[in-house]
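To start, the structure itself, in structure tokens.
Whatever order the structure lists ligands and atoms in, that order sets their numbers, starting from 1.
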Amino acid sequence: MQKADIHQRLTPAHISLSAWDVETGKGIWKKVVEKTQEDTRGTFCVAKESINQGEQLLVEEPFIRQIEAKYKESRCHHCFQSLQGSSRTKCRDKDCKWNLRYCSDDCERSAWTRSHQWLCRFPELAKEDPDIIFAVEGYFVSKSQNQETIPNLVSNREQLNASLVKDYREKLAKVAAIFYLTDHVIDCIVTIIFQIKCNAFAVKTAESVPVDASFVVSREFLTLGRAVYLSASKLNHDCSPNAIISFGDGGANPCQLKVQCVKGPVEKGNEITISYGPLASVHAREDRLKKLKEGYQFDCNILIALYDIPSDTKSPKSIYKCQICKKGRLYRQQAKCGECGQEPNWAYFIKAENQVEVLKQKQDYVQVFKLQTDIYHDDVLAVGKTADRVAMYACNSGQWELASNYAIMSLTVAQKVYGKLSVEAAEEMMKVATILLNLCLTTGKRRKAAMLHIKSTIITYRILGLDKTAPEDIEELEDMSAHLMFIQ
Ligand SMILES: C[S@@+](CC[C@H](N)C(=O)[O-])C[C@H]1O[C@@H](n2cnc3c(N)ncnc32)[C@H](O)[C@@H]1O
């Protein structure tokens, strides 16, 4: 028999894939159960018993994963681990043209049994649209579990425009011809494309990036690839979530996903949520709704129910400062101040907000900050965001003292809005720590403040359980502390 004939016969459309050697499974929830309700939110996760802040709720391996093209040379195709210093393994088939690298024989075997055995023989597919290849891999792995689509995941396919489905069917033509796929299988793969859209997580890792000649200032997140997890995919979205997702096991196993409670206690029966990206702390309500609709094809019912505010209000959190008593908290267009009973001058606020927009165009954020602190109370996120911006500009030009003053103001806002023990405040604390360290290293000033601040950042991280999700941050804080010891 010709090699080409063997290829055609050994395709998943012709033989039944058995579950041999393909290890996939759902991660086991701790203190959490999945529930399904007949409303638009489908299945979701609730606390089975009271959950404390910092508790780890799930550790899970991907059902399917796909590395970012730019890491193909430098990271393992299967587990995304860096290949630096490790002996590289290639595909078992010497004729394979996919040019895949693995960190170990185990990873090569896992990738082979899951899907590469089917793709290996068709080098022309290596250049196909990654969305298509990922979905085809999803089909192979699902078939190995005797399923035709990824088990129990939503696709929201019914809400999508029929022309999008048609586009994907056309894009699948090449794969369909190679594998002799039936119309039914093509349809399953289209569903998997949409399941991936609704459920895949970007697999991220944090990396410290040195800024100019100083110690460490910036932490960047690299997206190594994407992956679908069967249990974690049951978490619904909230713009102010009580859990976070992290990846990796202290630098190892970059695809391993963890879910951690960060706002507790969560009482029995209450929902566990994560953010799919949009956060109340960062994005305006309209932007959040749009991102969720475009990215995940749903109308967030939490946003609609909780933040149903008049459309002329820019943000639910814009609380104006009464210009007469300086104490009253005014919501937009409120007739009288609750403190002094005087009528607010709304024309003044509107003029100030217009000026803010002009100053933002000119990137004069110091003046923006002055105006905002005049018209808003100090628990308004816009004030914190501007302070953060000024701090970052000051960092980039080495003005550490100015940077530290504004970073502390930004931290104060985060602590007021989210609470001292919140992930948002912890992130701001990390920034303040690095800025204070740089200030101390360059001028010798505020050593004691830096030491104390680093200590309280470590404690905050530990209470929130972030030492488990971001152990590299703790390592960095400990390094900072050690550096400060040697400064007089
Ligand atoms: C990753 S899945 C979450 C689990 C999903 N509820 C299920 O039944 O499998 C994402 C989908 O859940 C639904 N969803 C998640 N969060 C939601 C929310 N806040 N409001 C409405 N629907 C939501 C949407 O259909 C979304 O595309």
Side-chain angles (χ1 to χ4, degrees), residues 24-29 32-47 57-58 60-66 131 134-135 138 142 145 147-161 164-165 190-204 226-247 255 257-260 263 266 269-309 316:
T24 64
K26 288 187 76 169
I28 311 280
W29 285 109
V32 169
V33 279
E34 289 170 12
K35 280 195 167 174
T36 307
Q37 252 168 29
E38 289 303 310
D39 67 3
T40 51
R41 307 180 68 212
T43 308
F44 55 99
C45 300
V46 295
L57 308 174
L58 178 73
E60 192 172 30
E61 300 297 330
F63 182 75
I64 48 169
R65 80 272 310 272
Q66 185 179 52
D131 281 354
F134 197 27
S142 303
Q145 310 296 299
Q147 304 282 329
E148 290 193 308
T149 55
I150 307 176
N152 301 320
L153 294 197
V154 289
S155 68
N156 290 344
R157 182 177 163 159
E158 62 290 350
Q159 293 177 32
L160 290 157
N161 185 318
L164 200 59
V165 174
V190 171
T191 299
I192 295 176
I193 292 176
F194 295 125
Q195 285 184 312
I196 290 170
K197 277 188 188 298
C198 289
N199 295 282
F201 287 88
V203 177
K204 296 191 178 188
R226 52 183 169 164
V228 174
Y229 302 82
L230 299 184
S231 291
S233 284
K234 293 293 157 197
L235 288 160
N236 273 355
H237 165 87
D238 189 338
C239 294
S240 193
N242 53 18
I244 54 168
I245 295 287
S246 63
F247 295 93
C255 284
L257 173 146
K258 288 180 185 143
V259 178
Q260 185 116 16
K263 252 182 225 154
V266 179
N270 285 354
E271 186 168 355
I272 305 292
T273 53
I274 54 166
S275 164
Y276 293 179
L279 283 168
S281 53
V282 182
H283 309 100
R285 176 179 170 263
E286 285 71 18
D287 291 346
R288 284 182 266 148
L289 282 168
K290 195 164 157 234
K291 272 181 210 284
L292 294 169
K293 186 75 183 164
E294 286 173 3
Y296 301 89
Q297 295 81 46
F298 73 92
D299 296 309
C300 174
N301 52 14
I302 302 181
L303 259 174
I304 289 161
L306 291 184
Y307 304 111
D308 202 7
I309 44 159

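Residue contact check for ligand 1: Leu292 places no non-hydrogen atom closer than 4.0 Å to it. Heavy-atom distances between Asp238 and ligand 1 stay at or above 4.0 Å for every pair. Ligand 1 lies within reach of Tyr296, whose nearest heavy atom is under 4.0 Å from it.
Ligand 1 places these atoms under 4.0 Å from at least one heavy atom of Cys300: 19 (N), 20 (N). Near Asp299, the atoms of ligand 1 lying under 4.0 angstrom from a non-hydrogen atom of the residue are 20 (N), 21 (C). Close contacts between ligand 1 and Lys234 involve ligand atoms 4 (C), 7 (C), 9 (O) [criterion: under 4.0 Å to a heavy atom].
By the criterion of a heavy-atom distance under 4.0 Å, neither the backbone nor the side chain of Thr273 is placed next to ligand 1. Contacts between Phe44 and ligand 1 below 4.0 angstrom, taking non-hydrogen atoms only, are absent altogether.
Ligand 1 has no nitrogen or oxygen under 3.5 angstrom from a nitrogen or oxygen of Asn152. Here's the thing with Thr43: one of its N/O atoms is less than 3.5 angstrom from an N/O atom of ligand 1. Considering both main-chain and side-chain atoms, Asn156 comes within under 3.5 Å of ligand 1 through a nitrogen or oxygen pair.
The aromatic rings of Phe201 and Tyr229 sit perpendicular to each other, their planes meeting at more than 60°, with 30° as the lower class boundary.
Between the Asn242 side chain and the Thr273 main chain, a donor and an acceptor come within less than 3.5 Å of each other. A donor-acceptor pair is defined here as one N or O able to donate and one able to accept, closer than 3.5 Å; no such pair exists between the side chain of Asp238 and the backbone of Ala243. The closest donor-acceptor contact from the side chain of Glu60 to the backbone of Ala232 lies under 3.5 Å. Panel note: side chain Tyr276, backbone Gly295; no donor-acceptor pair is recorded below 3.5 Å.
Residues Val165 and Arg157 come closest through the heavy atom pair CG1-NH2, 3.6 Å. Minimum interatomic distance between Trp29 and Cys45 (heavy atoms only, all atoms of both residues): CZ2-SG, 3.7 Å.
With a 6.0 Å radius and a threshold of 12 heavy atoms from other residues, nucleotides or ligands, Asn156 has its CG atom above the threshold.
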